[in-house]
Amino acid sequence: MKKVLLSCAIALSLSTAFAQKGLHIGATVTPGTSWMFNKDDSDAGEEYNYVGTFGITGGFSTDYHFTDGVGVGFDILYSRHSQKFESYGIGFEKRNNYLKIPVLLHFNTSSESVGMFKGYIGPSFNILTNADVLDANGNSISIPGLSGLYEDGYKKMNINFVLAFGAGFNITDFLQASAMLRLEGSPFNSEEEDYFAANRAVTRNAFGGIEIGFKYVLRTGR
């Protein structure tokens, strides 16, 4: 009987200690691969050979859990979004930087144990901060025939849709860590229509990587 009561007391204490309800504040970093998909570029053959490209997203993250398993929140992230090409054996890179503000629905399984399944989904509002074209040595290069700055060819605001899922861990009563697969994609054109060429195909941004995050939990109870 004493063992049963002791087990119940331990379970109750863990349930109280690890409850997720409340404000979560932390930071994330997501190294991964970024892409700028454009049919005209992919059909250009040797002129535009796509090359796998490293990208990174990171910054501040917060959410509020109304229950142990469901919450809403937003992030403020800096993202380097690039696409590398080889043109007849010469490498170059299109590099765009964004300030991203995802608005997300968070969900997770019970947090009563040390580990849990967790994820989130929602739109990300991406504000272009700058855009450039770089040679293989990382130096800016100009594009012949443009009527203005290179970054004028990209929309100042673009919307991605974000999905992430993976594992969360209670390190202490108040500190959580997570490792999740983060996927982003946009159905919208990131370029200004007809800026680079008349009737140019749409360019859609995509990103995928492993997000590592840490959050401090200010619990409000169950």
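Here the structure is a predicted model, which means the values were calculated and not measured.
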(request) Measure the spacing between CD1 of I56 and CZ of F207 and express it to the nearest 0.5 Å. (result) 7.5 Å
(request) May I ask you to check whether E93 and S82 show a side-chain donor-acceptor distance below 3.5 Å? (result) yes
(request) Give a yes or no on this: more than 12 heavy atoms of other residues, nucleotides or ligands lie within 6.0 Å of atom CZ of F214. (result) no
(message) So L218 and F174, do their side chains get closer than 4.5 Å, heavy atoms only?
(response) no
(request) Output the distance between atom NZ (K21) and atom CG (D68), rounded to the nearest 0.5 Å. (result) 10.0 Å
(request) Give the intermediate values and the outcome of side-chain hydrogen bond (donor to acceptor under 3.5 Å, both in side chains) for residues D152 and Y195. (result) CA-CA 8 Å; D152 291 341; Y195 181 85; 4.6 Å; no
(request) Take T57 and R80, measure what side chain to side chain contact (heavy atoms under 4.5 Å, CB included) needs, and give me the verdict at the end. (result) CA-CA 7 Å; T57 297; R80 190 183 77 192; over 6 Å; no
(request) Assign the ring pair F37 / W35 to parallel, tilted or perpendicular, where the plane angle (0 to 90°) is split at 30° and 60°. (result) parallel
(request) Answer yes or no: is there a donor N or O on one side and an acceptor on the other, between the side chain of T67 and the main chain of V70, under 3.5 Å? (result) yes
(request) To the nearest 0.5 Å, tell me how far K156 NZ sits from L128 CG. (result) 5.5 Å
(request) Step by step, work out the side chain to side chain contact (heavy atoms under 4.5 Å, CB included) result for F165 and L163. (result) CA-CA 7 Å; F165 53 89; L163 170 66; 4.2 Å; yes
(request) Please examine the side chains of M157 and F125, heavy atoms only from C-beta on, and report whether any two atoms are closer than 4.5 Å. (result) yes
(message) Show the nearest heavy-atom pair for residues S61 and D75, with the distance to one decimal.
(response) OG-OD1, 2.8 Å
(request) Return the minimal non-hydrogen interatomic distance between K118 and S178, and the atom names on each side. (result) CD-CB, 4.0 Å
(message) With a 3.5 Å distance limit and no angle check, can you tell me whether T53 reaches the backbone of K84 through a side-chain donor-acceptor pair?
(response) yes
(request) Kindly say whether N139 contributes a backbone atom to a donor-acceptor pair with the side chain of N137 at under 3.5 angstrom? (result) no
(request) Could I get the full list of side chain to side chain contact (heavy atoms under 4.5 Å, CB included) partners for R204, not counting sequence neighbours? (result) V202
(message) Contact between N126 and I159 at the side-chain level, heavy atoms closer than 4.5 Å - yes or no?
(response) no
(request) Determine yes or no for a side-chain-to-main-chain donor-acceptor pair under 3.5 angstrom, with T62 supplying the side chain and I25 the backbone. (result) no
(request) Please answer: with hydrophobic residues joined when any side-chain heavy atoms are less than 4.5 Å apart, are L23 and I171 in the same cluster? (result) yes
(request) Identify, with sequence neighbours excluded, every residue that meets salt bridge (Lys or Arg N to Asp or Glu O under 4.0 Å) alongside D41. (result) K94, R200
(message) Going by side chain to side chain contact (heavy atoms under 4.5 Å, CB included), name the residues that satisfy it together with S186, two or more places apart in sequence or in a different chain.
(response) N158, N160, F188
(message) Between Y48 and Y50 (judged by ring centroids, cut-off 6.0 Å), do the two rings come close enough to count as a pair?
(response) no
(message) Would you say the rings of F196 and Y154 are close, in the sense that their centroids are separated by under 6.0 Å?
(response) yes
(message) Within this structure, what is the CG-CD1 distance for the pair L183 and I121, rounded to the nearest 0.5 Å?
(response) 10.5 Å
(message) K155: which residues meet the salt bridge (Lys or Arg N to Asp or Glu O under 4.0 Å) condition with it, sequence neighbours left out?
(response) E192, E193
(message) Testing the basics here: between G209 and T30, what is the closest heavy-atom pair and its distance to 0.1 Å?
(response) C-CG2, 3.8 Å
(message) Hydrophobic clusters here meaning ILVMFWY residues chained together by side-chain heavy-atom distances under 4.5 Å, can you tell me if F74 and Y78 are in one?
(response) no
(request) Verify, without hydrogens or angle tests, whether S190 (side chain) and T203 (backbone) share a donor-acceptor contact under 3.5 angstrom. (result) yes
(message) Would you say I210 ends up clustered with V162 if hydrophobic residues are merged whenever their side chains have heavy atoms under 4.5 Å apart, either directly or through other cluster members?
(response) no
(request) Write down the atom of M36, the atom of H81, and the distance for their closest heavy-atom approach. (result) CE-O, 3.4 Å
(message) Tell me if a side-chain donor or acceptor on N170 pairs with a main-chain N or O of T172 at a distance below 3.5 Å.
(response) no
(message) Can you see whether N108 engages H65 through a side-chain donor-acceptor pair at a distance of less than 3.5 angstrom?
(response) yes
(request) List the atom of S87, the atom of F92, and the distance in Å for their closest heavy-atom pair. (result) CB-CE2, 3.9 Å
(request) Could you walk me through whether F85 and E47 pass side chain to side chain contact (heavy atoms under 4.5 Å, CB included), step by step? (result) CA-CA 9 Å; F85 298 90; E47 185 177 359; over 6 Å; no
(message) What's the separation between atom CG in D132 and atom CG in N130, rounded to the nearest 0.5 Å?
(response) 7.0 Å
(request) Kindly compute the distance separating OH (Y120) from CD (E211), expressed to the nearest 0.5 Å. (result) 3.5 Å
(message) Can you list everything that forms a salt bridge (Lys or Arg N to Asp or Glu O under 4.0 Å) with D43? Sequence neighbours excluded, please.
(response) K39
(request) Could you tell me which non-hydrogen atom of A201 sits nearest to which non-hydrogen atom of D40, and how far apart they are? (result) N-OD2, 2.8 Å
(message) Would you say that P187 contacts F161 through its side chain, given a criterion of any heavy-atom pair below 4.5 Å between the two side chains?
(response) yes
Solution key, residues 98-105 side-chain donor-acceptor pairs under 3.5 Å, sequence neighbours excluded:
unit_1 : atom_1 : unit_2 : atom_2 : d
Y98    : OH     : N205   : ND2    : 3.4
K100   : NZ     : S79    : OG     : 3.3
K100   : NZ     : E184   : OE1    : 2.8
K100   : NZ     : E184   : OE2    : 3.4

